[in-house]
Amino acid sequence: FSTYSTVNVNICNMSMDGQGATSDPQLQQFIEVESQKQRFQQLVHQMTEVCWEKCMDKPGPKLDSRTEVCFVNCVERFIDTSQFILNRLEQTQRSRGSFSESMSD
């Protein structure tokens, strides 16, 4: 994962150096897709870590029903919370954008 991050950062830095890489729409699309993949992987890792710490008392050969229910609820709450935060940020950006537009009129 650290190698991937390094490559991703190097690609982004290369595209920001003004060496013509930013004018290549395919490269821009590739960078955006890879960045989205990286953000998704980070989110899954974070969710796994949080839910593991919260729900797993002692690892065994299989999950008991209480632990399984805990994991399901934890993941659902994590997704709900992430979606709520994303929606709230979008609302904030929209309201700031409309505020900025009204100030420039």
Side-chain angles (χ1 to χ4, degrees):
F1 185 74
S2 62
T3 303
Y4 171 78
S5 296
T6 303
V7 169
N8 193 22
V9 168
N10 288 339
I11 290 172
C12 290
N13 288 341
M14 180 178 68
S15 68
M16 292 179 196
D17 285 345
Q19 297 176 358
T22 56
S23 64
D24 184 351
Q26 286 181 321
L27 180 58
Q28 287 178 337
Q29 178 66 23
F30 173 78
I31 291 170
E32 180 60 31
V33 168
E34 293 301 312
S35 295
Q36 288 174 355
K37 287 180 188 177
Q38 183 180 18
R39 287 190 299 269
F40 180 75
Q41 287 175 341
Q42 288 172 335
L43 184 64
V44 169
H45 177 74
Q46 182 183 7
M47 179 180 59
T48 302
E49 188 174 320
V50 166
C51 293
W52 182 269
E53 290 297 319
K54 178 175 178 47
C55 298
M56 186 53 82
D57 293 329
K58 50 188 171 193
K62 56 187 269 192
L63 295 177
D64 61 22
S65 61
R66 185 184 66 80
T67 304
E68 186 175 350
V69 168
C70 181
F71 272 115
V72 168
N73 288 334
C74 182
V75 169
E76 287 176 355
R77 295 301 73 77
F78 193 93
I79 292 170
D80 290 345
T81 302
S82 297
Q83 189 63 47
F84 175 80
I85 291 169
L86 181 62
N87 290 340
R88 188 70 168 170
L89 288 171
E90 287 175 353
Q91 288 175 350
T92 302
Q93 286 178 340
R94 279 196 299 265
S95 67
R96 285 184 179 162
S98 61
F99 179 74
S100 297
E101 290 171 5
S102 65
M103 294 298 288
S104 63
D105 288 343

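Throughout, numbering of the chain's residues begins at 1 and tracks the sequence.
Remark: L89 CG to R94 CZ distance equals 11.0 Å, nearest 0.5 Å. Between F30 atom CZ and S35 atom OG the span is 9.5 Å, to the nearest 0.5 Å.
Not counting sequence neighbours, Q29 has no partner by the side-chain hydrogen bond (donor to acceptor under 3.5 Å, both in side chains) test. For R88, the side-chain hydrogen bond (donor to acceptor under 3.5 Å, both in side chains) criterion is met by no residue, not counting sequence neighbours. With sequence neighbours excluded, no residue forms a salt bridge (charged side-chain N to carboxylate O under 4.0 Å, His left out) with E53.
Under the 4.5 Å side-chain criterion, counting only non-hydrogen atoms from C-beta, F71 is not in contact with K54. Counting heavy atoms from C-beta outward, R96 and T92 have side chains that approach closer than 4.5 Å. The side-chain heavy atoms of Q42 and Q38, taken from C-beta on, include a pair separated by under 4.5 Å. Side-chain contact between D80 and R77 is present, with heavy atoms from C-beta onward closer than 4.5 Å. Side chains of M47 and L43 form no contact here, defined as non-hydrogen atoms less than 4.5 Å apart.
Using a 4.0 Å cut-off between a side-chain N of Lys or Arg and a carboxylate O of Asp or Glu, R66 and D57 qualify as a salt bridge. Remark: E32 engages R39 in a salt bridge, criterion side-chain N to carboxylate O under 4.0 Å.
Judged purely by distance below 3.5 Å, without hydrogens or angles, the side chains of Q83 and N87 pair a donor atom with an acceptor atom.
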**Q.** Steps toward disulfide bond (SG atoms under 2.5 Å apart) verdict (C55, C70)
**A.** CA-CA 6 Å; C55 298; C70 181; 2.0 Å; yes
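When all heavy atoms of V75 and C51 are compared, the closest pair comes out as N-SG, 3.7 Å. The nearest pair of heavy atoms linking T67 to M56 is CG2-CE, 4.3 Å.
At least one donor-acceptor pair under 3.5 Å links the side chain of S82 to the backbone N or O of F78.
Around the CD atom of E76, the shell of radius 6.0 Å holds more than 12 heavy atoms that belong to other residues, nucleotides or ligands.
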